[in-house]
Amino acid sequence: MLDVRIGPIELKNPVISASGCYGQALESEAFVDAHVPGALLLKTITLHPRAGNPPPRIVEVAGGILNSIGLPNKGIERWLTETFPKVRGHASKLFLNIAGERTDEWPKIAARIGATPGIDALELNISCPNVEQGGLPFARDPETVARLVRVVKNETPIPLIVKLAPESPDIGGIALAAQENGATAVSLINTIRAMAVDWRSRKPKLGYGFGGLSGPAVKPVALRLVHEVARRVKIPVIGIGGIATADDVLEFLVAGATAVQVGTAAFRDPRALATIVDDLPKLLRDAEVAHVRDLTGTLRMPGAR
Ligand code: SIN
């Protein structure tokens, strides 16, 4: 009833933890068993260690949060040797989000990962709004995306998911560039560049000044973009953006997604992933939908009856 396919990867349900919202290992295991989501997607790892951005790194705003975490991590070498052995085999499927600061770093990360058994997919984070090098500029140019996907693919047989930015001038064109160069899927949206201001101190509330907005406030934007992208590409689309309930999941599927990622909701309720997975079968049964995949792309737009 719940299983879906992302290219060659079979997920037992369409719910994936969003990068940064479960951990870089099993940090959230006390709340949600890592086998519960269809896949556990771990937070971004880069080639070299990164300290991340100055605090405060997260502020709450109406309808969500702003983050400017800045991709702190200990680098791919230490992640593979120190962290990965503790995570390997502990999730139904394990996806890893990776990012390069410069174009030449991506194939180096991919080469180090190679064909590592136990990593089922790599999500290419071309869309982080919180870093000075890399991040958003990658996501704006189809040629750059095409080249990145090609060079990463040359170094690893692991399926690639390209994480898209809501700010791309032509997000469908970017998704097509990913598809045509061998990406297995695209995921969207990453956070929307935003800021929060403390008028008394005349300072931004985030240590980095800007951040990325996520949570319920971005859901309508994400639904529109998922719908737009799903009509342009044949590869699976993974929806992200303010998903907090099983109803939200099914909305994204109807809009065109094959699977979804749950992020900010886990900060409000650390058990959100599990609750959402538990609630899906009843919603499907009540609506007499035999299988979750029967919903993908079934949105009836006005004039398209
Ligand atoms: C961050 O670490 O700054 C967030 C990651 C992202 O938005 O891609």
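We count ligands from 1, going down the list as the structure has it; atoms in each ligand are counted the same way.
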Give every pair made of an N or O atom of ligand 1 and a protein N or O atom lying under 3.5 Å apart, one pair per line with both atom names and the distance to 0.1 Å, or write 'none'.
| unit_1 | atom_1 | unit_2 | atom_2 | d |
| --- | --- | --- | --- | --- |
| ligand 1 | 2 (O) | Lys43 | NZ | 2.7 |
| ligand 1 | 2 (O) | Gly70 | N | 3.3 |
| ligand 1 | 2 (O) | Leu71 | N | 2.9 |
| ligand 1 | 3 (O) | Ile69 | N | 3.3 |
| ligand 1 | 3 (O) | Gly70 | N | 2.7 |
| ligand 1 | 3 (O) | Asn130 | ND2 | 2.8 |
| ligand 1 | 7 (O) | Asn190 | OD1 | 3.1 |
| ligand 1 | 8 (O) | Asn125 | ND2 | 2.8 |
| ligand 1 | 8 (O) | Asn190 | ND2 | 3.1 |

side-chain hydrogen bond (donor to acceptor under 3.5 Å, both in side chains) between Thr83 and Lys74, worked out: CA-CA 10 Å; Thr83 307; Lys74 50 192 177 188; 3.2 Å; yes
Pairwise side-chain contact, Thr156 with Ile119, heavy-atom cut-off 4.5 Å (strictly under): no
Heavy-atom side-chain contact between Thr245 and Asp279 under 4.5 Å: no
Under the side-chain hydrogen bond (donor to acceptor under 3.5 Å, both in side chains) test, residues paired with Glu10 that sit two or more places apart: Arg5
Passing candidate, side-chain hydrogen bond (donor to acceptor under 3.5 Å, both in side chains) with Asn73, options Asn97, Thr46, Thr44: Thr46
Charged N-O contact under 4.0 Å between Glu228 and Arg224: yes
